[in-house]
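One structure, as structure tokens, below. Some questions next.
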Amino acid sequence: MLDRRFVVEHADAVEQNCQRRGSQADVRRFVALEGQRKAAQVEVDELNRKANEVSKSIGKAKDAAEREARKNEGRELREKTVAAQAELDRLMSESDAILRTIPNMSHPEAPVGADDGSNLELRHGQHAPPHFDFKPLDHVELGERLGLMDFEGGAKVAGHGFYFLKNEAVLLELALQRYALDVLMREGFTPTITPDLARNEILHGTGYIPRGPETQIYSIADSDLSLVATAEITLGGLLSGEILDPAALPIKLCGISHCYRTEAGSGGRAARGLYRVHQFTKVEMFAFTLPDGSEDMLNYFCDLECQIFDGLGIAYRVVDTATGDLGGPAYRKFDLEAWMPGRGEKGEYGEVTSTSNCTDYQARRLAIRYRTGEKGTAFVHTLNGTAIAISRALIAVLENYQQADGSVLVPEVLRKWVGKDRIARD
RNA sequence: GGAGAGGUGGCUGAGUGGUCGAAAGCAGCGGUUUGCUAAACCGUCGUAGGGGGAAACUUCUACCGGGGGUUCGAAUCCCCCCCUCUCCGCCA
């Protein structure tokens, strides 16, 4: 969330930003409520001050009669305080509800536009899309012929959107994880495997909204836990409430987790096969930085994502995400879209990674700070980025590496973990 | 899951219902001493919000795991929850 005072002092800019991001947040109402809230706070403080005075005087009262008189005075004050506090709480919760829906500010260079149609293509990877002298298959068909996935089985045990990976697809999943991990460990990331569940409080802190009609999140009944949609949630939550030593920053973590998404409201969108599923595995990068370090870190994350896909030998393009498509917490976001030869009629780019600079938006809610100079603290910046989202990386690998004979070559960098250089059924 | 013990400032750790935002120690910061390092000594040292001040600063309020309650007054008493440790049970 944004800083309350910032919103009040920059109401016009915040309102304009909301429009660009497609947020309905009522900034005017928030500003009005903040004014009332402050007045209420002053009143509560004043009542408390008086009550404290009275309380202190009771211990020093000369006699029982005076003590009783002062006690009555205290009781009356308490009644007033309770009423004033209730009003303050009401104002606080209403303004808070609005504040939570105000998205982060946007990077001045982020393309302005309502949706991904306004995304700006920045550059392409090292590799060009492959040329096939045959009609390339999509990953679903390849997977079926090679015995790599079972969507019917997934649907039987868990419903549409679930699947079994089988045979070499299992090895590819593990190889992709290991490959990404190798790159990241070499770069000084601390590898982690995170919980797949998190408290709703942590979800909120990272900007995810469990429950509600449009939620992407699966909740666990009779608990305040949800299945995570990404390790971003758990990695961000890891340091919640902490005050960090600035000398220790930046902190770079990567986390392997399963990701669970209801995909509510995405019905009808291209969803064949592994592209949009309810569960997949992901290696996620996460960083906590000083405020002046987050912009470089975002570029660094993006470069690493490029390095990972260049290493796999897959064509991709990098896009600068339009304001309307940034979601709540991101200040700026770059996506990698890999070439997927089996997608659409002649192949299409499909999103495979995403990296965001959330500036202090998540840190404020999660209360992650660092010490500034001799006195005071300030919020860190948080960044997240996909190293490898297995399901979509699998699509790209299978479709780009397919051969005329129906086999699929294993990308060079994965061979040592897959243990073979070609996937074929005889 | 059962029984017990705990959760206090960056860390360790005291704390009687009022004078406690909280002893003490360590770390940190400033300084004195010192050939250097170390040590010693003196001072300073929580977070957030509001008022005043150009500022150094000052003042008020809240915060002792979280939430409720009792009370004029709660770190201290009561209830619920979370977490940690020890023991028992169960289990991959």
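First the proteins, then the strands, lettered A, B, ... as listed; each starts at 1.
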Whole-Å C1' distance, B:G52 and B:U37: 48 Å
A:Leu88 has an atom CG; how far is it from atom P of B:G49, in whole Å?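 So the CG-P distance, A:Leu88 to B:G49, works out to 15 Å.
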Value in whole Å for how far the C1' atom of B:G49 lies from CG of A:Asp96: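 In whole Å, B:G49 C1' lies 14 Å from A:Asp96 CG.
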Watson-Crick or G-U wobble partner of B:A5, both distances under 3.5 Å: B:U84
Report yes if the distance between the aromatic ring centroids of A:Phe162 and A:Phe164 is under 6.0 Å, otherwise no.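 Distance test on ring centres: not under 6.0 Å, no.
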Which value, in whole Å, describes the distance between the C1' atoms of nucleotides B:A27 and B:G9?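 Per the computed distance, 13 Å lies between those C1' atoms.
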Is the phosphate of B:C83, meaning OP1 or OP2, less than 4.0 Å from a side-chain N or O of A:Arg199?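 Yes.
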Separation of A:Asp224 atom CG from B:C81 atom C1', in whole Å? 10 Å
Starting at atom CG of A:Leu91, determine the distance to atom C1' of B:G49, rounded to an integer number of angstrom. 16 Å
Taking atom P in both B:G46 and B:A22, compute the distance separating them and give it to the nearest angstrom. 10 Å
Now, which nucleotide makes the Watson-Crick or G-U wobble pair with B:U12, with each of the two distances under 3.5 Å? B:A24
Using purine N1 to pyrimidine N3 plus N6-O4 or O6-N4 for Watson-Crick, or N1-O2 and O6-N3 for G-U wobble, each under 3.5 Å, what pairs with B:U71?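 Across all strands, not a single nucleotide pairs with B:U71.
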Give me the distance, rounded to whole Å, that separates B:U33 from B:C41 when you measure between the C1' atoms they each carry.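 To the nearest whole Å, 8 Å.
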Should A:Arg37 and A:Asp89 count as an ion pair when the cut-off is N to O under 4.0 Å? no
Rounded to the nearest 0.5 Å, what separates atom CG in A:Asp96 from atom CZ in A:Phe30? 8.0 Å
Whole angstrom value for the distance that separates C1' of B:G9 from CD of A:Glu242: 15 Å
Atom CD of A:Glu201 to atom P of B:C83: distance rounded to whole Å? 12 Å
Point-to-point distance, once rounded to the nearest 0.5 Å, from CD of A:Gln216 to CG of A:Leu227: 13.0 Å
Could you list the protein-to-nucleotides 61-70 of chain B atom pairs, N/O on both sides, closer than 3.5 Å?
from: B:U61; atom 1: OP1; to: A:Asn52; atom 2: ND2; distance (Å): 3.3
from: B:U61; atom 1: O2'; to: A:Asp45; atom 2: OD1; distance (Å): 2.8

Using atom CG of A:Asp245 as one end and atom C1' of B:G46 as the other, report the distance to the nearest whole Å.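 These atoms are roughly 16 Å apart.
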Got a salt bridge between A:Glu76 and A:Lys50, using NZ or NE/NH1/NH2 to carboxylate O under 4.0 Å? no
Between B:G65 and B:G50, how far is it from one C1' atom to the other, in whole Å?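 Their C1' atoms lie roughly 27 Å apart.
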Ignoring backbone atoms, establish whether A:Arg371 has a side-chain N or O less than 4.0 Å from OP1 or OP2 of B:C29. no
Is the terminal nitrogen or CZ of A:Arg392 (NZ for Lys, CZ for Arg) located under 6.0 angstrom from the six-membered ring centre of A:Tyr275 and within 45° of that ring's axis? yes
Return the pairing partner of B:C91 with a 3.5 Å limit on both distances, Watson-Crick or G-U wobble; otherwise return none.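 Base partner found: none.
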For B:G43, the nucleotide meeting Watson-Crick or G-U wobble distances (both under 3.5 Å) is B:C29
What interatomic distance, in whole Å, is found between P of B:U70 and the corresponding atom of B:C78? 15 Å
Would you measure the distance from the C1' atom in B:C63 across to the matching atom in B:U76 and give it in whole Å? 16 Å
Does any nucleotide pair with B:U19 by Watson-Crick or G-U wobble geometry, both distances under 3.5 Å, and what is it?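 When the pairing criteria are applied, nothing turns out to pair with B:U19, so the answer is none.
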RNA chain B: A:Ile243 or A:Asp3, which has the more 5' nearest nucleotide?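 Nearer the 5' end of the strand: A:Ile243.
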Please give me the minimum heavy-atom distance between A:Gly342 and A:Glu399, naming the atom from each residue. N-OE1, 2.7 Å
Given B:A48, B:C83, B:G10, which nucleotide is nearest the side-chain atoms of A:Thr377? B:A48
Looking at the side chain of A:Arg369, which of B:G50, B:A48, B:G10 is the nearest nucleotide? B:A48
Taking all atoms of both residues into account, what is the closest heavy-atom pair of A:Pro246 and A:Leu290, and its distance?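 Looks like CB-CD2, 4.2 Å.
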Does A:Arg5 reach a base, just sugar-phosphate, or nothing at all? Heavy atoms under 4.0 Å.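 Counting heavy atoms under 4.0 Å across all strands, the contact made by A:Arg5 is with sugar-phosphate only.
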Distance between the C1' atoms of B:G51 and B:C29, in whole angstroms?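 That atom pair is separated by 29 Å.
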Using Watson-Crick geometry (N1-N3 plus N6-O4 or O6-N4) or G-U wobble (N1-O2, O6-N3), each under 3.5 Å, B:A56 is paired with none
Can you pull the salt bridge (charged side-chain N to carboxylate O under 4.0 Å, His left out) pairs that have at least one residue in residues 172-183 of chain A, sequence neighbours excluded?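 For residues 172-183 of chain A: A:Arg178-A:Asp182.
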Complementary nucleotide for B:U61 - Watson-Crick or wobble, under 3.5 Å: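 Partner of B:U61: B:A48.
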Round to the nearest Å and state the distance from A:Met92 atom CE to B:A48 atom P. 15 Å
